[in-house]
Structure formats: structure tokens, C-alpha cells
Amino acid sequence: MKKPLPIGVDNFEKIIKDGYCYIDKTMFIKELLDLKGEVNLFTRPRRFGKTLNLSMLRYFFEDTGDAKKNEENQSLFQGLKIMEQGEEYVEHMGEYPVINLTLKSAKQPTFESAYGKIRNAIADEFQRHQYILTSEKISGEDKKLFEKIADRKAEYDDYSGALVFLCKCLYLATDKKTVVLIDEYDVPLESAYFRGFYEEMVDFIRSLFESVLKTNQYLQFAVITGCLRISKESIFTGLNHLNIISILDKKYSEHFGFTEEEVHRMMSYYEVESRFSTMKEWYDGYLFGDMEVYNPWSVIKFLYDLYSDVGAFPHPYWINTSSNDIIKELIIRADRETKGQIERLLEGGTLDIQVHEEVTYEDMYSNGENLWNFLYFTGYLTKESEYFKESTIFLRARIPNIEVKTIYQNTILNWLKAVIKKEDFHDLYLAMEEGDAQKMMDILNAQLFRTISFYDSAENFYHGFLTGILSQSENYLVKSNREMGNGRSDILVKSPSLRGRSFVLELKVSGSIADLENDAEKALQQIYDKRYMEELRAEGYRKIDCYGISFFRKDCEVRFGKGQD
């Protein structure tokens with residue numbers, strides 16, 4: 001039996017004890033100790049191993065107050081790389097109290113409910129450290145406040161200052177400074193921005209962080225993770241010792257996500273090396289510093305499918321786990337220039353963007369550069385190269401892989417359906433009933449001009465585009481035969497009454513603008529040659545008209561023909 005894959009398991013102890021497949025990232029510990037940063041903020045896209053790495057740090061560094069438990073934690077690292085690095089690193093095992101706080105659950109629709117989730121997470125962490133209340137070094141007054149926070153009965157100001165208070169209590173009880181680990185710090189900020197209570201959440205998070213990270217005499221070091229780097233002015237006011245490590249940095253680059261060597265090793269272990277090219281096309285493409293990185297969540301999910309069926313198809317697994325709100329907002333707000341830029345990216349092209357690392361959610365739509373930066377730092381774009389010009393760093397950015405391209409395409413199609421639903425296409429149906437191919441062509445061209453198109457999956461796009469428009473009529477039923485194959489026409493449009501009108505539509509995607517007219521004629525002739533009208537005749541329809549339609553980018557051509565016996 002092969003080791004099970006840790007799908008959704010981000011607790012280091014569980015992965016090791018339960019024998020899950022684990023890619024050894026313990027050299028992250030060595031680099032942290034070597035570089036000696038006091039407050040370290042790591043920004044990486046969602047689902048790139050941040051939570052598991054913080055869990056690993058907790059089990060390595062934490063003095064639990066229980067000698068037996070400390071020994072159990074240390075045994076988790078036997079056989080891992082950090083244990084081969086020498087006593088100067090191993091001596092830090094089990095040496096510090098650890099505060100481990102995650103904010104990933106604070107995604108509620110109101111400030112009150114989101115604050116409640118954060119308060120509960122803080123209270124849980126206090127309860128985890130209740131063993132220190134037996135210490136005589138902690139005053140009775142501090143013990144009372146400790147218990148109020150742990151019991152979720154303290155006030156707002158108590159919770160905003162709770163982390164530094166816990167550091168103080170831990171130091172008094174153990175005579176050791178505290179390691180502070182904060183996971184997904186920006187989740188409540190992202191949610192608050194889209195829900196409309198950003199300022200309230202910024203105020204609370206700023207107070208929470210300032211108290212524990214700024215001039216905290218009880219702090220050994222802190223590691224914070226998130227998806228985005230929020231400006232110092234917004235959250236990290238006055239933290240001059242803040243060390244920010246983004247995906248642009250060459251330091252720590254191999255510790256989040258999987259390297260190609262690691263992916264090769266996993267695929268060899270599960271005996272599915274034959275699918276490596278598919279794995280690479282779909283889930284590779286990220287560049288952290290100068291390190292080529294795969295999306296670890298998607299790699300594990302695809303490996304899971306491949307292990308039971310080596311011929312399994314790849315899927316966009318990340319679309320179900322990562323917030324796509326930014327992509328939706330980009331597409332909804334896109335002007336003509338932005339639509340053109342999106343189309344260029346979808347064609348495999350690049351976009352030059354000026355790097356703005358210190359941004360806030362409020363700045364997102366103030367200019368196009370900020371929005372493209374958000375997409376880069378959240379994993380929807382990747383760096384192909386970078387250059388320095390006039391004291392500024394510029395990136396040449398592209399879409400990383402097929403998985404992310406699929407997210408863009410699906411989001412565009414959903415947006416297109418929503419836009420079409422708001423339109424009145426009465427004139428299009430009237431033109432179709434009257435056999436007015438020119439009028440149909442004018443209406444469709446106008447719609448194509450307004451939308452965002454993608455051309456590598458052009459047939460899917462144009463088919464979805466046309467069926468979406470035709471489905472708006474209350475007087476006709478639309479049947480798509482595209483998925484069925486079987487030598488049938490692309491689209492049938494028919495009245496609910498057999499005495500009413502019906503239409504056969506055949507689509508073609510042209511290779512150039514010069515081919516449009518010819519291809520429309522070919523599409524119409526194909527209807528006749530393959531007798532596509534027979535399906536409607538068999539149902540009982542007698543009034544049947546035919547349309548051949550060809551597309552090339554933002555242009556289409558329409559040809560009309562009468563149903564023939």
C-alpha cells in the first residue's frame with residue numbers, strides 16, 4: 001500500500017503520525033533561524049502550504065509545558081532534513097512557548113460575526129495555554145483577565161490587546177520569550193472589503209498586531225502568512241523591523257509549493273510518471289523568486305485521481321478552494337483597454353506591469369496597475385521575467401497554466417451569461433424569423449465587440465455565446481447538440497408548438513478573417529449535406545429555416561437558407 005495523500009490535511013502532527021505522504025519542508029526552519037528575522041510576513045497564494053508550514057513550526061519550536069508531549073513533538077521530526085543540520089538548529093526544539101492563531105475562518109458577512117470568529121480563535125488559544133495559570137508568578141488580576149478572555153467574556157479592547165497579554169503571561173510563567181504564528185492574516189480584510197466593513201476590520205487587526213508585534217519585549221520572533229502584502233500604513237504601522245517575503249523574493253522560495261523535483265519524486269512513488277506532461281501544463285508555471293513552483297493543492301488532488309486511474313482527466317481543482325472574487329470584479333469592471341489585455345493574456349501573451357507591493361484593498365481599483373498586482377500576488381498571474389527601469393521594478397506577467405486559464409474562461413462565460421440575461425434580443429429573433437442574415441450579423445457583431453473573448457477554446461466560447469443569446473426568448477426552445485456529437489447540428493431552435501417556426505444553426509470557427517464568408521457558406525451547406533433538418537421533421541415541424549454562422553475573433557458572418565426536402 002502507498003502512503004495516503006493528505007487532501008485537506010494541514011496539521012503537521014496528523015500528517016506524520018497517520019503516515020500521509022509528506023514533502024519535507026523542514027529546511028524552512030533552518031532558513032528562519034539563519035536569517036534571524038524578528039517579524040516575518042510571508043505572502044503566497046491561497047493553498048500553497050502556508051498553514052502546514054506554520055503547523056510544522058509550532059511542533060518544532062513549542063514548549064508545551066509537558067515533558068512527555070515535548071518528546072512526542074520532537075519525535076515527529078525524526079528522519080527529516082532539519083535533524084541533519086546540526087545541534088545549533090536541533091537545540092531550538094521544544095524551547096519556546098508558541099501562540100498559534102489562524103484568521104482563515106473570519107469570512108462572515110458582518111463585522112460583528114467576523115469579529116466574533118476572531119475572538120473565538122483567540123479564546124481557544126488562551127484555553128490551550130491554561131496550564132500557566134498554576135504559576136505563582138502571574139498576578140491574581142492577570143489570571144482573572146486571562147480567564148475572561150478564555151471564556152469569551154472579555155471586552156473588545158481586551159481582545160485587541162490579547163496576544164501581547166498572552167505573551168506576557170507566558171513569559172512570567174516560563175521565563176521564555178514567545179514565538180508568535182499568525183496564519184492567513186488578510187482573510188478577514190479581504191472579506192471585509194467585499195462585504196463593506198473594511199475600515200472597522202482594519203482598525204481591529206491593526207490594534208491586534210501593533211500590540212503583539214511592535215516593541216513587545218516578550219517576543220522571540222513572529223511568522224505571519226497571508227495572500228497579499230497590505231501596506232504598512234494600513235496594518236503594520238511603525239513596524240520598522242517587519243521583514244516581508246513575497247513571491248518576488250529569492251529567499252525562502254522553495255518552501256511554499258512543490259518544486260519540479262518534488263513533483264517528479266511523488267509521481268514516481270505513485271507510479272504515474274507517464275502523466276507528467278499533463279501535470280506540468282496544468283499546475284506548473286509559478287515563479288517564486290527564481291524557483292519554478294507547482295500548485296501543491298492541485299498536484300495532490302490530481303495525484304489522488306491518477307492513483308486510481310492513470311488516465312484520469314485533469315480538473316481546475318483550485319477554482320473550488322481559492323477566492324475568485326478579484327477575477328469577477330476585474331471582468332465586471334473591465335473597460336475596452338482592460339478587455340483587450342485580458343484577451344491578450346488568454347492567448348498566451350504577456351502584460352508588463354509596474355510592481356506595487358504595498359497596496360490596500362481600497363487601492364485595488366484606483367488604477368489598472370494595482371489590480372494587475374493583486375492578480376499577480378494572488379496567483380492568477382505569474383512572472384515570466386522582470387526588469388528595472390527608471391528606479392522601478394517591472395514584471396512581464398502571464399497566466400501560469402491551463403488550470404488558471406480555465407478559471408478565467410469559466411468566470412468570463414458566467415459573466416457573459418449574466419450580461420446576456422439583461423439584454424433584449426427581440427430584434428435578433430425578428431431578423432431570424434425574416435431570414436435577414438445581415439441584421440443578425442450586425443447584432444451579433446455588436447455583442448462580440450463588447451464582450452471578452454478567448455480564442456484557444458474558440459468553439460466552446462462561440463457556442464456558449466450564441467446559445468446564451470438565443471435562450472433569452474420566451475417563445476422558443478433552444479437545444480444544444482454540441483455535447484452529444486452523433487453527427488447532429490450545433491443548435492436547434494424551435495417553437496413549443498409544432499405548427500410554429502424552427503431553425504437549424506451550424507457554427508464554424510474560421511482560421512482568418514478572409515475565410516469568414518466561405519466558412520459561413522460551408523456551415524450552411526453542411527446542414528443540407530448531412531440532413532440536419534431531419535431531427536425537426538421527425539418531431540413534426542414543417543417550417544424549418546437554416547443558418548450557417550462563422551466566427552473569427554470579434555467578427556461573424558451569417559448565411560440564410562430555407563429548409564429543403
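Keep in mind it's a predicted model, so treat the numbers as computed, not measured.
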Next on the checklist: Does any part of the side chain of L351, heavy atoms only, come nearer than 4.5 Å to the side chain of L345, both counted from C-beta?
Outcome noted: yes
Checklist outcome for this item: Smallest heavy-atom separation, V212 atom then L219 atom, equals O-CD2, 4.1 Å
Item to check | Evaluation steps, salt bridge (charged side-chain N to carboxylate O under 4.0 Å, His left out), between D151 and K153 | outcome: CA-CA 5 Å; D151 292 339; K153 295 178 180 177; 5.0 Å; no
Checklist entry - Atom CG of L306 and atom CE of M267: how far apart are they, to the nearest 0.5 Å? => result 5.5 Å
Next on the checklist: Is there a side-chain contact between N295 and V299 in this structure, where contact means two heavy atoms from C-beta onward sitting under 4.5 Å apart?
Outcome noted: no
Checklist entry - Are any side-chain N or O atoms of N120 and backbone N or O atoms of G116, one a donor and one an acceptor, separated by less than 3.5 Å? => result yes
Item to check | Exam field: side chain Q127 to backbone A150, donor-acceptor pair closer than 3.5 Å | outcome: yes
Next on the checklist: Among I132, D63, V98, exactly one meets side-chain contact (heavy atoms from CB on, under 4.5 Å) together with L170. Which residue is that?
Outcome noted: I132
Next on the checklist: With a sphere of 6.0 Å drawn around CD of E136, does it hold more than 12 non-hydrogen atoms of other residues, nucleotides or ligands?
Outcome noted: no
Checklist entry - How about Y156 and Y115: are their ring centres within less than 6.0 Å of each other? => result yes
Item to check | Side-chain heavy atoms of I399 within contact of Y408, under 4.5 Å | outcome: yes
Next on the checklist: With a 3.5 Å distance limit and no angle check, can you tell me whether S191 reaches the backbone of P188 through a side-chain donor-acceptor pair?
Outcome noted: no
Checklist entry - How many angstroms lie between CD1 in I402 and CD in E281, if you round to the nearest 0.5 Å? => result 4.5 Å
Item to check | Donor-acceptor pair between E384 and T350 side chains, under 3.5 angstrom | outcome: no
Checklist entry - Donor-acceptor pair, S135 side chain versus K137 backbone, under 3.5 Å? => result yes
Next on the checklist: Any side-chain to backbone donor/acceptor pair from K30 onto K81? Under 3.5 Å, distance only.
Outcome noted: no
Checklist entry - For the atom pair NZ (K68) and CG (N73), what is the distance rounded to the nearest 0.5 Å? => result 12.5 Å
Item to check | Under 3.5 Å: donor-acceptor pair, side chain of Y59, backbone of L76 | outcome: no
Next on the checklist: Once you measure the plane-to-plane angle for Y270 and Y307, does it fall in the parallel (<30°), tilted (30-60°) or perpendicular (>60°) bin?
Outcome noted: perpendicular
Checklist entry - Using 4.0 Å as the upper bound for N to carboxylate O, is an ion pair formed by R265 and E261? => result yes
Next on the checklist: Between F302 and W297, is the ring centroid distance below 6.0 Å?
Outcome noted: no
Next on the checklist: Any salt bridge linking R119 with E112? Criterion: basic side-chain nitrogen under 4.0 Å from a carboxylate oxygen.
Outcome noted: no
Checklist entry - Roughly how far, to the nearest 0.5 Å, is the NZ atom of K143 from the OG1 atom of T134? => result 7.0 Å
Item to check | Pair N414-T411, side chain to side chain donor-acceptor pair (under 3.5 Å): steps then yes or no | outcome: CA-CA 5 Å; N414 290 333; T411 307; 5.8 Å; no
Item to check | Closest non-hydrogen atom pair between E125 and H129, with its separation | outcome: O-CD2, 3.1 Å
Checklist entry - Relative to the ring of Y22, is the ring of F12 parallel (under 30°), tilted (30 to 60°) or perpendicular (over 60°)? => result perpendicular
Next on the checklist: If you take the centroid of each ring, where Trp contributes its six-membered ring, are F61 and F221 closer together than 6.0 Å?
Outcome noted: yes
Checklist entry - Within a radius of less than 6.0 Å around NZ of K168, do more than 12 heavy atoms belonging to other residues, nucleotides or ligands occur? => result no
Checklist outcome for this item: For E184 and L103, the nearest pair of non-hydrogen atoms, with its separation, is O-CB, 3.6 Å
Checklist entry - Under 3.5 Å, is there a donor-acceptor pair between the side chain of W318 and the main chain of R46? => result yes
Checklist entry - For the residue pair L101 and I122, what are the closest heavy atoms and their distance? => result CD1-N, 3.8 Å
Checklist entry - Any ion pair linking R152 and D124 (charged N to carboxylate O, less than 4.0 Å)? => result yes
Checklist entry - Do the side-chain N and O atoms of D66 and T64 include a donor-acceptor pair separated by under 3.5 angstrom? => result no
Checklist entry - Salt-bridged, E95 to K177, with N to O below 4.0 Å? => result no
Checklist entry - Going by atom types only, do D284 and N401 share a side-chain donor-acceptor pair under 3.5 Å? => result no
Checklist entry - Does Y218 offer a backbone N or O that forms a donor-acceptor pair with the side chain of N216 under 3.5 Å? => result yes
Item to check | Presence of salt bridge, K50 and D10, under 4.0 angstrom | outcome: no
Checklist entry - For the residue pair F165 and F146, does the interplanar ring angle fall in the parallel (under 30°), tilted (30 to 60°) or perpendicular (over 60°) class? => result tilted
Item to check | Least distance between heavy atoms, I138 atom then D142 atom | outcome: CG2-CB, 3.7 Å
Next on the checklist: Evaluate E292 against K280 for salt bridge (charged side-chain N to carboxylate O under 4.0 Å, His left out), listing each step before the verdict.
Outcome noted: CA-CA 11 Å; E292 182 182 352; K280 186 174 181 64; 2.6 Å; yes
Checklist entry - Between E31 and K36, is there a side-chain N and carboxylate O pair less than 4.0 Å apart? => result no
Next on the checklist: Using the rule given for side chain to side chain donor-acceptor pair (under 3.5 Å), can you reason through E260 versus Y294, listing the C-alpha separation, both sets of side-chain angles and the distance that settles it, and then say yes or no?
Outcome noted: CA-CA 7 Å; E260 187 155 292; Y294 286 67; 2.9 Å; yes
Next on the checklist: Tell me whether E141 at atom CD has more than 12 heavy atoms from other residues, nucleotides or ligands lying less than 6.0 Å away.
Outcome noted: no
Next on the checklist: Would you say that more than 12 heavy atoms from the other residues, nucleotides or ligands in this model lie under 6.0 Å from the CZ of F394, or not?
Outcome noted: yes
Item to check | Lys/Arg-Asp/Glu bridge criterion (N-O < 4.0 Å) met for D352, R396 | outcome: yes
Checklist entry - If you draw the axis of the six-membered ring of F288, does the NZ or CZ of R44 fall within 45° of it and under 6.0 Å from the ring centre? => result yes
Checklist entry - Should R58 and E62 be marked as a salt bridge (charged side-chain N to carboxylate O under 4.0 Å, His left out) after you check the CA-CA gap, both sets of side-chain angles, and the distance that decides it? => result CA-CA 6 Å; R58 172 192 156 191; E62 185 165 40; 3.2 Å; yes
Next on the checklist: Could you walk me through whether K301 and D305 satisfy the salt bridge (charged side-chain N to carboxylate O under 4.0 Å, His left out) test, starting with their C-alpha distance in whole Å, then the side-chain angles of each, then the deciding distance to 0.1 Å, before giving a yes or no?
Outcome noted: CA-CA 7 Å; K301 291 282 283 181; D305 290 345; over 6 Å; no
Checklist entry - If we ignore angles and hydrogens, is there a donor and acceptor under 3.5 Å between the side chains of Y193 and D186? => result no
Next on the checklist: Test your reading of the model: is there a side-chain donor-acceptor pair from D183 to the backbone of T225, 3.5 Å cut-off?
Outcome noted: no
Checklist outcome for this item: Scanning both residues in full, the closest heavy-atom pair of E403 with Y283 reads OE1-CD2, 3.3 Å
Next on the checklist: Would you compute the distance between atom CD1 of I29 and atom CE of M56 and round it to the nearest 0.5 angstrom?
Outcome noted: 4.5 Å
Next on the checklist: Taking the basic N atoms (NZ, or NE/NH1/NH2) and the acidic carboxylate oxygens, is any pair closer than 4.0 Å for E262 and K25?
Outcome noted: yes
Checklist entry - Does E38 offer a backbone N or O that forms a donor-acceptor pair with the side chain of N243 under 3.5 Å? => result no
Checklist entry - Rounded to the nearest 0.5 Å, how far apart are OG1 of T382 and CG of L287? => result 5.5 Å
Next on the checklist: Would you say the rings of Y286 and F48 are close, in the sense that their centroids are separated by under 6.0 Å?
Outcome noted: yes
Checklist entry - Out of Y252, Y89, F60, which one pairs with F28 under the ring-ring contact (aromatic ring centres under 6.0 Å, His included) rule? => result Y252
Item to check | salt_bridge(K214, E210) N-O dist < 4.0 Å | outcome: no
